[in-house]
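First comes the structure, then the notes that go with it.
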2 protein chains.
Amino acid sequence: MSSLSDESRNAFFSAFKTWDVPKEHFLVKEEQVCNYIFFVAKGAVRIFYHKNEKEITEWIALDEEFLLSIQSFFQRSPSRLIIQTLEPSEIWGIYYDDLIRLATAHHDIETWFRKLPSAALILAQNRMDSIQFETAHQRYQNLLNQHPNIIKRVPLTYIASFLGITIETLSRMRAKQ
Amino acid sequence: MSSLSDESRNAFFSAFKTWDVPKEHFLVKEEQVCNYIFFVAKGAVRIFYHKNEKEITEWIALDEEFLLSIQSFFQRSPSRLIIQTLEPSEIWGIYYDDLIRLATAHHDIETWFRKLPSAALILAQNRMDSIQFETAHQRYQNLLNQHPNIIKRVPLTYIASFLGITIETLSRMRAKQ
DNA sequence: AGTGTTATTTGATATTTGTCAAATCGCCGT
DNA sequence: ACGGCGATTTGACAAATATCAAATAACACT
């Protein structure tokens, strides 16, 4: 994003649609195609999937963060991931076809756009790393350091699910500072 | 790959270079750019990275499997991942520039190529899922079912590292069938 | 074949985290 | 302010896996 020219950036932001959505509104439902790259202008949104009967939180985006189902958006296929607001939120979104049009017209947008999946892959690998090699306590501390607002604003269930631990364990960690 | 026309497939395979490499040969060293998509025609290759002082196995490819550092190959940036043979192997590789040339000439190759990062993302997410929600024993059983040859041919250290458990635990699992 | 080296197995114990149950807190609507 | 209900905390205990140490097995080289 920082790599875009002013002109491209303007074109990019002009293409956004905006919505005011209530709490627990679905931006992408299960098996829907994710047609937008979303930007959470204000609010809180979780991205999760179903595993057995449970809902597994993959990420929680607060104010001024992008999110989407990369796989669904890029492969134009139904999404395993579900995207839902946790608070009343102001959401922006750029539609797939519009983004393709922009990418055709602006080479730097094209470049940015093309890098998204492999950038997401790096994030996924980092997260895997953290689940595999860090203790639950370290993961909690990292989240606390890097995203204190998530800890403050979001109910324990979602955080515990994101960290891959039980609510009880998370509660105990929180207790000893 | 199965989606390619015969013509494209021929063009694709003609573009491969081939090498006979000894055991413990590096196909990609740390911080090098991964310039090839590799195909392990015969042999065994591990892909791993350094975490603290340790080597973490990300995957082990045996005969007739593709592998590469997606992130490095697509972003043209230094690889965190290291690729090294575990046995004397016959390796094929298609060079980045050649693949780009092919993708320009053959639309189905372009499509295949473009999907690689988001396809890899799905695999990464599945693996994360398995690390997060399956027990070590389940992961071992799955590997045994899906890739029995890895268990047979590859030293415990690499397998244990891939499964995210200690050698001792793996040895014990193996003991009780 | 014999020796040194590395890989694997086995045992005892510690640690981390999960599970189940119950108590308490905090918020929402009236 | 009150009652109710979901969210969070706390406790006791169980399960899975790691750690450390030692024994044994497999292998590579002369």
Side-chain angles (χ1 to χ4, degrees), chain A residues 22-25 43-44 46 48 51-57 60 62 84-88 127-144 148-177, chain B residues 22-25 43-44 46 48 51-57 60 62 84-88 127-144 148-177:
Chain A
K23 193 173 165 174
E24 313 208 328
H25 178 82
R46 68 171 173 145
F48 69 100
K51 167 93 183 178
N52 307 332
E53 324 294 67
K54 298 187 137 187
E55 297 185 344
I56 308 302
T57 304
I60 295 160
L62 302 187
Q84 188 190 30
T85 54
L86 294 173
E87 301 175 358
R127 178 149 178 237
M128 189 162 69
D129 227 71
S130 116
I131 287 172
Q132 191 165 9
F133 300 108
E134 289 167 5
T135 64
H137 186 251
Q138 282 174 296
R139 269 177 280 141
Y140 171 72
Q141 286 297 337
N142 291 346
L143 186 64
L144 189 58
N149 290 330
I150 291 182
I151 307 275
K152 281 180 209 144
R153 267 161 68 176
V154 176
L156 281 199
T157 339
Y158 305 128
I159 301 172
S161 167
F162 171 70
L163 292 174
I165 59 181
T166 60
I167 297 175
E168 292 95 325
T169 301
L170 178 54
S171 171
R172 279 184 250 265
M173 281 170 185
R174 192 152 78 155
K176 15 187 133 120
Q177 6 131 5
Chain B
K23 194 172 167 174
E24 311 207 331
H25 178 81
R46 68 172 173 144
F48 70 100
K51 167 96 183 176
N52 307 334
E53 325 293 68
K54 298 186 136 187
E55 298 185 344
I56 309 302
T57 304
I60 295 159
L62 302 187
Q84 187 190 30
T85 53
L86 294 173
E87 303 175 359
R127 178 150 176 237
M128 189 161 71
D129 231 69
S130 116
I131 287 171
Q132 191 164 8
F133 300 109
E134 290 168 4
T135 63
H137 186 252
Q138 283 174 296
R139 268 177 282 140
Y140 171 72
Q141 286 296 336
N142 292 346
L143 186 64
L144 188 58
N149 289 331
I150 291 182
I151 308 274
K152 280 180 209 145
R153 268 162 66 177
V154 176
L156 281 199
T157 340
Y158 305 128
I159 301 172
S161 168
F162 171 70
L163 292 173
I165 59 182
T166 60
I167 297 174
E168 292 95 325
T169 300
L170 178 55
S171 171
R172 280 184 248 267
M173 281 170 183
R174 193 153 77 156
K176 19 185 129 125
Q177 5 134 2

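In what follows, chains are A, B, ... by sequence order, proteins preceding strands, each numbered from 1.
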Practice problem: State whether the side chain of Gln84(B) and the backbone N or O of Arg46(B) hold a donor-acceptor pair below 3.5 Å, judged by distance alone. | Solution: no
Quiz item: To the nearest Å, how far apart are Ile167(A) CD1 and dA21(C) P?
Solution: 16 Å
Practice problem: Determine yes or no for a side-chain-to-main-chain donor-acceptor pair under 3.5 angstrom, with Thr57(A) supplying the side chain and Ser161(A) the backbone. | Solution: no
Quiz item: Looking across every strand, which nucleic acid part, if any, lies under 4.0 Å from Ile165(B) by heavy atom: base, sugar-phosphate, or nothing?
Solution: sugar-phosphate
Practice problem: Calculate the interatomic distance between His137(A) atom NE2 and dG18(C) atom P; express it in whole Å. | Solution: 14 Å
Quiz item: How close do Arg127(A) and Phe162(A) get, heavy atom to heavy atom, and via which atoms?
Solution: NH2-O, 2.9 Å
Quiz item: What's the CZ-C1' distance between Phe133(A) and dT16(C), to the nearest Å?
Solution: 17 Å
Quiz item: Do the side-chain N or O atoms of Thr166(A) get closer than 4.0 angstrom to the phosphate oxygens (OP1, OP2) of dG18(C)?
Solution: yes
Quiz item: For Lys23(B), does the NZ atom sit with more than 12 other heavy atoms under 6.0 Å from it, leaving out its own atoms?
Solution: no
Quiz item: Glu168(A) has a side chain; which of dT8(D), dT17(C), dT10(D) sits nearest to it?
Solution: dT10(D)
Exercise. Could you check how far CG of Leu170(B) sits from C1' of dT17(D), rounded to whole Å?
Key: 13 Å
Self-check item: Whole angstrom value for the distance that separates C1' of dG18(C) from CD of Glu134(B)
Solution: 17 Å
Practice problem: Please determine, for the side chain of Pro155(B), which listed nucleotide (dT10(D), dT8(C), dT9(D)) has the closest atom? | Solution: dT8(C)
Quiz prompt | Heavy-atom pair of closest approach, residues Ile159(B) and Val154(B) | solution = CD1-O, 3.3 Å
Quiz item: Can you tell me how far C1' of dT17(D) sits from CD1 of Ile131(B), to the nearest Å?
Solution: 15 Å
Practice problem: Would you indicate what Thr135(B) reaches in the nucleic acid, counting non-hydrogen atoms under 4.0 angstrom: base, sugar-phosphate, or nothing? | Solution: sugar-phosphate
Quiz item: Taking CD from Gln132(A) and P from dT16(C), how many angstroms apart are they, rounded to a whole number?
Solution: 18 Å
Self-check item: Closest listed nucleotide, where the reference is the side chain of Thr157(A) and the choices are dT8(D), dT10(C), dT17(D)
Solution: dT8(D)
Quiz item: Under 4.0 Å between a side-chain N/O of Ser171(A) and OP1 or OP2 of dT9(D), yes or no?
Solution: yes
Practice problem: Quickly work out the Met173(B) CE to dT10(C) P distance and round it to whole Å. | Solution: 14 Å
Self-check item: Side-chain N or O of Arg172(B) closer than 4.0 Å to phosphate OP1/OP2 of dT9(C)
Solution: no
Self-check item: First of Arg139(B) and Lys23(B) reached from the 5' end of DNA chain D, by closest nucleotide
Solution: Arg139(B)
